[in-house]
Amino acid sequence: MLRSDLQTIPPPQTMMKKKARAFVGIALLLACGGIRASAQEISPDVIRANLEYRIPQLRGSDVVMGMITESAVDGLHEGSFTVNGNQTFRFLLSAERQELFLLAVEPIDVSLTEQDIAVHLEEERVAELAAARDRLDKLNGFSAGMPMRGAADAAITIHEFSDFQCPYCKRGFTTIEELLAKHADVRFVYLHYPLDFHEWAKPAAIASVCAANQTSDAFWTLHDAYFHDQDAITSENILDKSQDFLQGTGIDLAVWKACAGDDASAAYHGAKGEVEASIALGSSYGVTGTPGFFINGHYLSGAQSLETLESLMDEIRAEVVK
């Protein structure tokens with residue numbers, strides 16, 4: 001077991017919020033001298049008293065001890081205690097040494113040989129490739145007919161779940177532009193994931209779907225303009241700005257406006273439903289924030305450098321060659 005000096009224990013507010021980092025491998029001496037007691041014979045009240053003595057931050061807290069039982073480790077028992085009804089900490093207890101070891105995580109099995117590890121890693125790699133192919137197929141199915149950039153038969157497809165108001169997505173927009181300019185074997189599909197706390201992101205997503213219903217060029221006009229003019233757009237001016245951006249695209253602006261601005265229209269509800277379906281799909285694949293990139297089904301979360309995207313693309317190309 002790892003030991004740690006008691007000075008490393010954090011203040012009360014940190015300890016209550018971050019149990020995993022607060023108690024990694026801290027050994028607490030339960031008694032000094034005298035007759036050794038078995039683990040079962042050490043009273044929970046005694047353990048609690050020692051915990052409160054060794055960890056002053058626990059004093060004044062509601063500490064409730066759990067059961068002490070046999071553990072999977074020879075010579076050690078296991079138990080737990082709960083602080084203020086909402087934080088539970090596990091421990092191992094040594095009767096022989098009368099020490100208590102607070103745990104941050106479940107025990108890690110280190111019995112595998114290097115050959116076992118190599119086999120497991122290969123199995124994981126194969127499983128991830130299969131999962132990525134499945135995600136790619138489903139993302140392609142969902143986005144069929146949506147606006148795209150790059151060659152339709154490109155070897156690598158990037159699906160990005162994004163938010164027009166997100167500053168990190170603006171960085172992602174610039175990176176994708178650079179990547180498409182450098183690589184001819186890549187196609188790009190934008191998928192909607194407007195975040196709830198971004199006031200104009202969802203209206204913008206709906207407006208862009210309404211534009212895409214007429215032409216792909218109109219969608220990309222809004223897509224690019226939203227990121228270029230991100231700082232000038234508000235929830236109050238989003239529709240007016242969008243209409244200004246669409247001037248000269250040749251679409252029927254009256255039809256677009258009825259779709260983007262009339263929340264009682266069937267067109268509006270259709271566009272909104274498409275945005276919400278995109279959010280649901282992203283969430284089902286683990287997207288919780290933006291941007292989220294799926295490169296041939298392999299997930300990268302957050303704004304990424306051009307080098308990171310290219311590195312994953314190189315790995316994907318190498319897998320295709322195998």
**Prompt:** Do Leu136 and Ile158 belong together in a cluster built from hydrophobic side chains that touch within less than 4.5 Å?
**Reply:** no
**Residues Lys138, Arg135; criterion side chain to side chain contact (heavy atoms under 4.5 Å, CB included); working and verdict** = CA-CA 5 Å; Lys138 290 178 179 175; Arg135 287 191 291 266; 5.9 Å; no
**Asked** Does Glu199 CD have over 12 foreign heavy atoms under 6.0 Å away?
**Response** no
**Request:** Sequence neighbours left out, what passes ring pair (Phe, Tyr, Trp, His ring centres under 6.0 Å) with Phe173? Give chain and number order.
**Result:** His223, Phe227, His228
**Item:** Under 3.5 Å donor-acceptor, Arg59 side chain and Tyr53 backbone
**Value:** yes
**Prompt:** Members other than Leu129 in its cluster, when Ile, Leu, Val, Met, Phe, Trp, Tyr link by side-chain heavy atoms under 4.5 Å?
**Reply:** none
**Heavy atoms from other residues, nucleotides or ligands near CD of Glu122 exceed 12 (cutoff 6.0 Å)** = yes
**Asked** Under 6.0 Å from the CD atom of Gln247, do we count more than 12 heavy atoms belonging to anything else shown?
**Response** yes
**Request:** Could you name each residue pair satisfying side-chain hydrogen bond (donor to acceptor under 3.5 Å, both in side chains) that touches residues 145-157, not counting sequence neighbours?
**Result:** Arg149-Asp224, Thr157-Arg187
**Asked** Cluster question for you: counting only ILVMFWY and a side-chain heavy-atom cut-off of under 4.5 Å, with indirect links fine, are Leu180 and Leu306 together?
**Response** yes
**Asked** Do you see a donor-acceptor pair shorter than 3.5 Å between the side chains of Asp217 and Thr215?
**Response** no
**Asked** If you measure only the distance, is there a donor-acceptor pair under 3.5 Å linking the side chains of Glu310 and His183?
**Response** yes
**Asked** Which heavy-atom pair separates Ala303 from Tyr168 by the least distance, and what is that distance?
**Response** CB-O, 3.9 Å
**Fill in**
The side chain to side chain contact (heavy atoms under 4.5 Å, CB included) partners of Glu236 (sequence neighbours excluded) come to Thr234
**Asked** Between Thr82 and Thr88, do the side chains contain an N or O donor and an N or O acceptor separated by less than 3.5 Å?
**Response** yes
**Item:** Val64 reachable from Phe89 in the ILVMFWY side-chain graph, under 4.5 Å edges
**Value:** no
**Item:** Least distance between heavy atoms, Ser265 atom then Ala258 atom
**Value:** OG-O, 3.0 Å
**Asked** Using links of under 4.5 Å between side-chain heavy atoms of ILVMFWY residues, direct or through other members, which residues join Ile279 in one cluster?
**Response** Leu139, Phe142, Met146, Met148, Phe161, Val189, Leu191, Tyr193, Leu195, Phe197, Ile206, Val209, Tyr268, Val275, Leu281, Tyr285, Val287, Phe294, Tyr299
**Complete:** Looking only at heavy atoms, the pair that brings Asn237 and Ala232 closest together is ND2-O, 3.2 Å
**Message:** Using side-chain heavy atoms (C-beta onward) and a distance below 4.5 Å, is Leu222 in contact with Ser242?
**Reply:** yes
**Item:** Heavy-atom check, side chain of Asp252 versus side chain of Gln214, under 4.5 Å
**Value:** yes
**Asked** Any luck finding a side-chain donor-acceptor pair between Thr113 and Asp116 under 3.5 Å?
**Response** yes
**Message:** Looking at every non-hydrogen atom in both residues, tell me the closest pair between Cys166 and Gln230 and how far apart they are.
**Reply:** O-NE2, 3.1 Å
**Request:** List, by chain and then residue number, the residues other than Ile117 in its hydrophobic cluster (Ile/Leu/Val/Met/Phe/Trp/Tyr, side-chain heavy atoms under 4.5 Å); write none if there are no others.
**Result:** Leu112, Leu121
